[in-house]
2 protein chains.
Amino acid sequence: MKKSNISIIGGVGRMGSWFGRFFETAGHEVNSIEGKDVEQIRQAAGRSDVVIVSVPIGETCEVIEKVGPYVKAESLLMDLTSLKAEPVEYMLKYSESEVIGTHPLFGPDAESLKDQTVILCPARANRWFAWLTDILSAQGARLEIISPEKHDRIMTIVQAMAHINTMLMGFLIKELNENLSDLKRYSTPLFRVQMALVGRLFAQDPRVYAEIIAHNPEVKHAVAVYSALLGDIKKCVDEGEAGHIAHALSDASTFFEPIEAESLATSRVLLRALTSSQDIARSE
Amino acid sequence: MKKSNISIIGGVGRMGSWFGRFFETAGHEVNSIEGKDVEQIRQAAGRSDVVIVSVPIGETCEVIEKVGPYVKAESLLMDLTSLKAEPVEYMLKYSESEVIGTHPLFGPDAESLKDQTVILCPARANRWFAWLTDILSAQGARLEIISPEKHDRIMTIVQAMAHINTMLMGFLIKELNENLSDLKRYSTPLFRVQMALVGRLFAQDPRVYAEIIAHNPEVKHAVAVYSALLGDIKKCVDEGEAGHIAHALSDASTFFEPIEAESLATSRVLLRALTSSQDIARSE
């Protein structure tokens with residue numbers, strides 16, 4: 001395989017440096033650039049085979065606009081952000097290079113690409129598409145090819161609304177000012193799983209979550225729907241109507257039947273893992 | 001240990017029969033009674049050392065009112081429901097027996113009591129308290145003694161609001177009519193955990209969830225607070241304001257600092273368990 005020169009704009013960030021190490025290990029020359037110095041970015045872009053934009057969502061399009069015209073037509077321009085429609089549109093508009101929108105569905109804690117999903121939105125891709133898929137598959141990544149629009153629609157649920165859901169549980173606990181040690185002491189196994197998700201979210205960079213939510217235009221509609229659904233539950237609760245809640249649950253259960261067996265199996269695996277983690281904590 | 005005669009009203013239900021087997025294994029005589037036949041219930045109550053009410057929350061107080069007067073003063077009356085204030089109040093009012101409100105924080109899938117939490121609200125307990133705690137601790141249960149009021153306040157979050165939170169994610173996915181296989185294919189590891197909780201909830205008896213929510217008087221306030229918090233997020237989303245969302249997240253992160261390390265450790269255990277379960281599914 002030919003050694004490529006890869007510039008990662010934002011290569012000092014957590015995901016940027018993860019991919020920097022990844023491409024270096026794969027035998028390429030990696031040039032990590034902090035995202036601010038436009039002159040340095042343009043020079044690097046002009047002499048690179050692959051230019052990867054890995055800056056916060058809110059800065060992605062701006063950076064693409066600045067760097068795009070300097071990427072050579074025979075090179076590849078790709079981004080790593082959690083949204084795809086707008087960045088891909090900008091890459092196509094501001095560059096003549098090949099373009100592949102890329103979204104690794106894992107965080108910088110991942111030890112390797114094995115079994116990790118990477119979504120690819122090849123927008124103007126030819127020889128670089130084979131190069132990228134080869135290099136990712138060789139390390140065991142699961143690749144999914146979809147359109148930027150479908151990507152953003154699905155991420156509305158998988159990321160934005162899932163984060164909002166977890167955030168709300170956290171905000172509620174804080175607002176009711178409940179004692180965290182009490183919650184832990186009197187916790188059910190399932191609640192321990194939920195609390196781990198809440199605690200994890202509030203331990204991460206708030207900007208990442210905020211941008212995934214605020215920059216996806218489909219989130220507005222989803223939040224409005226969520227809000228209406230909460231209104232229905234609120235009405236049942238205010239009326240003390242167990243029957244209506246049970247009815248709504250049982251209505252929706254048909255929709256979730258296809259994942260019933262798998263959900264039960266997976267949740268059992270999770271609950272069993274929790275128990276062993278308690279054993280480990282106790283023996284330490 | 002003296003062999004006791006134990007009547008379980010609702011002993012044919014899943015939790016009732018779980019405890020029936022448990023007490024039988026511990027060497028006691030267990031009398032399982034379906035919850036409907038009042039005459040049969042009263043006769044059993046009159047000749048039992050321990051009477052356990054294990055019927056749906058919505059029927060608990062009614063059953064206590066009917067059976068309470070027949071339980072002997074030297075016997076123990078206890079319930080197993082997920083709420084404690086009202087059932088304990090009814091047991092104290094309608095019986096002269098000893099009274100211990102009991103809430104096992106696990107479901108009928110549990111293989112044993114080992115490491116499971118059981119909350120006890122001893123309301124008029126003397127010699128039966130030692131009997132019950134001995135028998136539960138001997139099998140490795142973690143016992144927590146709190147007041148019925150504190151129990152119900154904490155369960156507002158640990159059960160009712162946690163269930164509402166999970167339900168809402170499910171209702172949203174159904175309402176947006178998203179394709180479940182797509183969600184799975186394009187799922188992040190964290191979303192797989194959330195989906196397992198959603199799929200599990202909709203696979204269970206809707207009545208149990210509905211009653212935990214509708215019969216706890218503190219849930220009204222908590223839902224109102226949750227609703228207001230969602231209103232704040234909705235406003236930020238409508239304005240496309242990433243900064244405000246990031247600010248709210250970073251504000252709350254201080255509150256969750258005490259559980260940060262543990263949440264990261266636990267979520268890592270969960271994510272690792274997920275990966276191995278994928279390996280198992282694939283090799284099968």
Side-chain angles (χ1 to χ4, degrees), chain A residues 58 105 115 144 154 157-158 162 164-165 168-172 174-175 178 180 182 186-188 191 194 196 199-200 202-203 206-207 210-211 213-214 219-220 223 225-227 229-230 233-234 237-238 240 242 245-246 249-250 252-253 255-256 258-260 263-264 266-267 269-270 273 275 277, chain B residues 58 105 115 154 157-158 162 164-165 168-172 174-175 178 180 182 185-188 191 194 196 199-200 202-203 206-207 209-211 213-214 219-220 223 225-227 229-230 233-234 237 240 242 245-246 249-250 252-253 255-256 258-260 263-264 266-267 269-270 273 275 277:
Chain A
L105 290 189
D115 289 329
E144 294 285 357
I154 290 172
I157 294 177
V158 167
I164 286 180
N165 187 247
L168 276 167
M169 197 64 204
F171 287 143
L172 177 74
K174 175 175 176 278
E175 194 66 24
E178 200 47 82
L180 292 175
D182 274 356
Y186 309 121
S187 167
T188 61
F191 186 70
Q194 274 178 283
R200 184 186 179 87
F202 286 98
R207 184 172 176 184
E211 296 198 328
I213 292 164
V219 173
K220 273 185 207 182
V223 170
V225 172
Y226 189 97
S227 195
L229 292 164
L230 175 60
I233 293 180
K234 192 170 182 306
V237 169
D238 286 340
I245 301 171
L249 280 169
S250 117
S253 67
F255 183 85
F256 289 103
I259 62 161
E260 181 177 321
S263 300
L264 290 173
T266 306
S267 54
V269 166
L270 297 176
T275 317
S277 83
Chain B
L105 289 190
D115 289 328
I154 290 172
I157 294 177
V158 167
I164 285 179
N165 187 247
L168 276 167
M169 197 64 205
F171 287 142
L172 176 74
K174 175 175 177 279
E175 195 67 23
E178 200 46 82
L180 293 176
D182 274 356
R185 261 176 95 163
Y186 309 120
S187 168
T188 62
F191 187 69
Q194 273 177 285
R200 184 186 179 89
F202 285 97
R207 184 171 176 184
Y209 293 99
E211 296 198 328
I213 292 164
V219 174
K220 273 185 207 182
V223 170
V225 171
Y226 189 96
S227 195
L229 292 164
L230 174 60
I233 292 178
K234 190 169 183 306
V237 170
I245 301 172
L249 281 170
S250 119
S253 68
F255 183 84
F256 289 103
I259 63 161
E260 182 177 319
S263 300
L264 290 172
T266 306
S267 54
V269 167
L270 297 176
T275 317
S277 83

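In what follows, chains are A, B, ... by sequence order, proteins preceding strands, each numbered from 1. Atoms considered below: every heavy atom in the structure, side chains included; atoms not considered: hydrogens, waters and symmetry mates.
The most heavy-atom pairs under 4.5 Å with chain A, out of L180(B), V223(B), N165(B), L172(B), come from N165(B). Between chain B and the residues I213(A), I164(A), L264(A), the most heavy-atom pairs under 4.5 angstrom are made by L264(A). Counting heavy-atom pairs closer than 4.5 Å to chain B, the top residue among S253(A), S267(A), G170(A) is S267(A). Options V225(A), I245(A), L168(A), V219(A) differ in how many heavy-atom pairs under 4.5 Å they form with chain B, and the most are formed by L168(A). Looking only at heavy-atom pairs under 4.5 Å with chain B, the residue among S227(A), P258(A), G58(A) that has the most is S227(A). Contact count versus chain A (heavy atoms, under 4.5 Å) is highest, among G199(B), P206(B), A214(B), S187(B), for P206(B). Ranking S250(B), A246(B), G240(B) against chain A, the residue ahead of the rest is A246(B), based on heavy-atom pairs under 4.5 Å. When each of D182(B), I157(B), I259(B) is scored by its heavy-atom pairs under 4.5 Å with chain A, the top score falls to I157(B).
Applying the 6.0 Å contact sphere to CD of E175(A) captures no more than 12 heavy atoms from other residues, nucleotides or ligands.
Between R200(B) and S263(A), the closest heavy-atom pair is N-CB, 3.6 Å. Here the closest heavy-atom approach between residue L249(B) and residue A210(A) is recorded as CD1-N, 4.4 Å. The two residues M169(B) and F191(B) make their nearest non-hydrogen contact at CE-CE1, 4.0 Å.
Between F202(B) and F171(B), the ring centre distance stays below 6.0 Å.
Legend: residues meeting side chain to side chain donor-acceptor pair (under 3.5 Å) with Y186(A), ordered by chain and number and at least two apart, are absent. Scanning for salt bridge (Lys or Arg N to Asp or Glu O under 4.0 Å) contacts around E178(B) gives R153(A), with sequence neighbours left out.
The contact between I233(A) and chain B is made entirely by side chain atoms (from C-beta outward), counting heavy-atom distances below 4.5 Å. Both the backbone and the side chain of L230(B) have a heavy atom closer than 4.5 Å to some heavy atom of chain A.
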